[in-house]
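Read the structure below first, then the notes.
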Amino acid sequence: MGMLEGKTGIVFGVANKRSIAWAIAQALAREGMRLAFTFQGERLKGSVEELSSTIPGSLLLPCDVSSDAEVESVFAMVGEKLGRLDAMLHSVAFAPREDLENEFVKTSREGFKTAHDISAYSLVAVTRAAMPLFQKSGGGSVLALTYYGADKAVEGYNVMGVAKASLQASVRYLAANLGPKNIRVNALSAGPVNTLAARGISGFTSMLKHHAEKAPLRRNITLEEVGNAGLFLLSPMSSGITGEIMFVDCGYNIVGL
Ligand code: NAD
């Protein structure tokens, strides 16, 4: 019997089998958690449906996190079908391509807003919407995904780094705000992994190579490793941890020179 048997969770951010969200969802399902998957728009429905159908008893619901109405309706459906929630994964980010590719100083007002709305504010929106369902479980655990480019200036990461800094601060403010309700909020700062979103970062292949050369473990992380770290932070194994940004990066962030 898995350690999450009888527990329920919702997953935002599966696009395909290489998505970090899918790696974490598989780890949660392996331990017996029942999951609701959301997909962003009809374009991604087919691939998310194909994956979620391999996990018995899971739900599939549309949700673009930039729409308050879609966020509201997804949690109404989850409330109806699952009754309560123990865990929520936010593995969502977006910035317009030109704002990622341009010099940072050329970031547009619109691109800055979009990146922050989808990559940072949405964590606050989905956490607020999940609260009544967490309270039915006596608490809950929320996990977001971030990157080192929030802490240091990383070439090519640009406006996404600024949005991730906002996401990390939101993790801490949400954790401080919701701790008294036994709702924990943490983030994983993952090393580079070749996913759909990563392809939007120019020079991503050399970023992978550089990380593998410099990280203490002399390699890049695997999706399975992010999956297991996500399982830890979304399970009662981490019950004393909230407001943390935990690196899963083969140690890259601890190296100075
Ligand atoms: P991915 O492309 O598989 O996942 C990104 C997801 O965001 C997709 O499922 C996409 O549908 C979703 N999304 C974008 N806009 C949305 C919207 N408006 N509404 C709902 N969903 C929306 O790529 P990934 O690398 O698995 O990214 C997942 C998370 O991990 C992101 O937050 C990303 O910044 C973070 N991350 C990725 C890496 C990496 O190297 N791949 C490293 C550290 C952190």
Side-chain angles (χ1 to χ4, degrees), residues 9-13 20-21 24 38 63-72 74-75 78 84-95 99 104 107 109 111-154 157-190 197 226 229-249 253:
I10 182 165
V11 174
F12 290 88
I20 289 175
I24 297 175
T38 66
C63 186
D64 185 315
V65 296
S66 62
S67 156
D68 287 330
E70 288 194 26
V71 169
E72 199 181 305
V74 96
F75 283 95
V78 170
R84 60 189 187 82
L85 272 178
D86 300 281
M88 177 165 72
L89 174 62
H90 175 286
S91 186
V92 168
F94 177 78
D99 289 295
F104 179 67
T107 306
R109 191 182 296 273
F112 191 95
K113 269 193 205 163
T114 303
H116 282 71
D117 183 23
I118 296 175
S119 316
Y121 177 73
S122 65
L123 179 71
V124 181
V126 294
T127 302
R128 183 172 60 244
M131 279 174 66
L133 296 175
F134 283 148
Q135 280 172 294
K136 288 195 176 155
S137 296
S141 178
V142 178
L143 180 66
L145 264 298
T146 185
Y147 175 63
Y148 187 61
D151 310 307
K152 304 283 176 187
V154 171
Y157 206 59
N158 298 336
V159 70
M160 189 52 82
V162 184
K164 289 297 192 194
S166 166
L167 176 76
Q168 292 185 184
S170 302
V171 164
R172 289 185 285 271
Y173 275 92
L174 285 169
N177 187 181
L178 304 181
K181 297 189 189 314
N182 196 30
I183 297 171
R184 300 186 294 113
V185 187
N186 293 290
L188 278 181
S189 186
V226 197
L231 166 64
F232 168 68
L233 286 174
L234 285 170
S235 79
M237 295 283 284
S238 58
S239 55
I241 301 175
T242 194
E244 284 296 329
I245 313 295
M246 190 172 102
F247 283 95
V248 194
D249 66 347
N253 77 94

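The two residues Gly243 and Asn186 make their nearest non-hydrogen contact at N-OD1, 3.1 Å. What you find for Asp151 and Phe247 is that their closest heavy atoms are OD2-CZ, 3.6 Å. Contact between Thr107 and Val159 at its shortest, heavy atoms only, is CG2-CG2, 3.8 Å.
Using a 4.5 Å cut-off on side-chain heavy atoms (C-beta onward), Phe12 and Met88 make contact. Contact check for Leu145 versus Leu89: side-chain heavy atoms found under the 4.5 Å cut-off. Residues Ile118 and Val92 form a side-chain contact, since some pair of their non-hydrogen atoms from C-beta on lies under 4.5 Å apart. Contact check for Ile245 versus Arg172: side-chain heavy atoms found under the 4.5 Å cut-off. Residues Cys63 and Val71 form a side-chain contact, since some pair of their non-hydrogen atoms from C-beta on lies under 4.5 Å apart. At a threshold of 4.5 Å between non-hydrogen side-chain atoms, the residues Val142 and Leu123 count as touching. Side chains of Phe75 and Ile10 form a contact here, defined as non-hydrogen atoms less than 4.5 Å apart. Looking only at side-chain heavy atoms (C-beta outward), Lys164 and Tyr157 come within less than 4.5 Å of each other.
With hydrogens and angles disregarded, no donor-acceptor distance shorter than 3.5 Å links the side chain of Thr146 to the backbone of Ala190. Under the 3.5 Å distance criterion, the side-chain polar atoms of Ser119 are matched with a main-chain donor or acceptor of Phe94. In this structure, the side chain of Thr114 does not engage the main chain of Ala95 through any donor-acceptor pair within 3.5 Å. Proximity of a side-chain donor or acceptor of Ser238 to a complementary backbone N or O of Ile241 within less than 3.5 Å is not detected.
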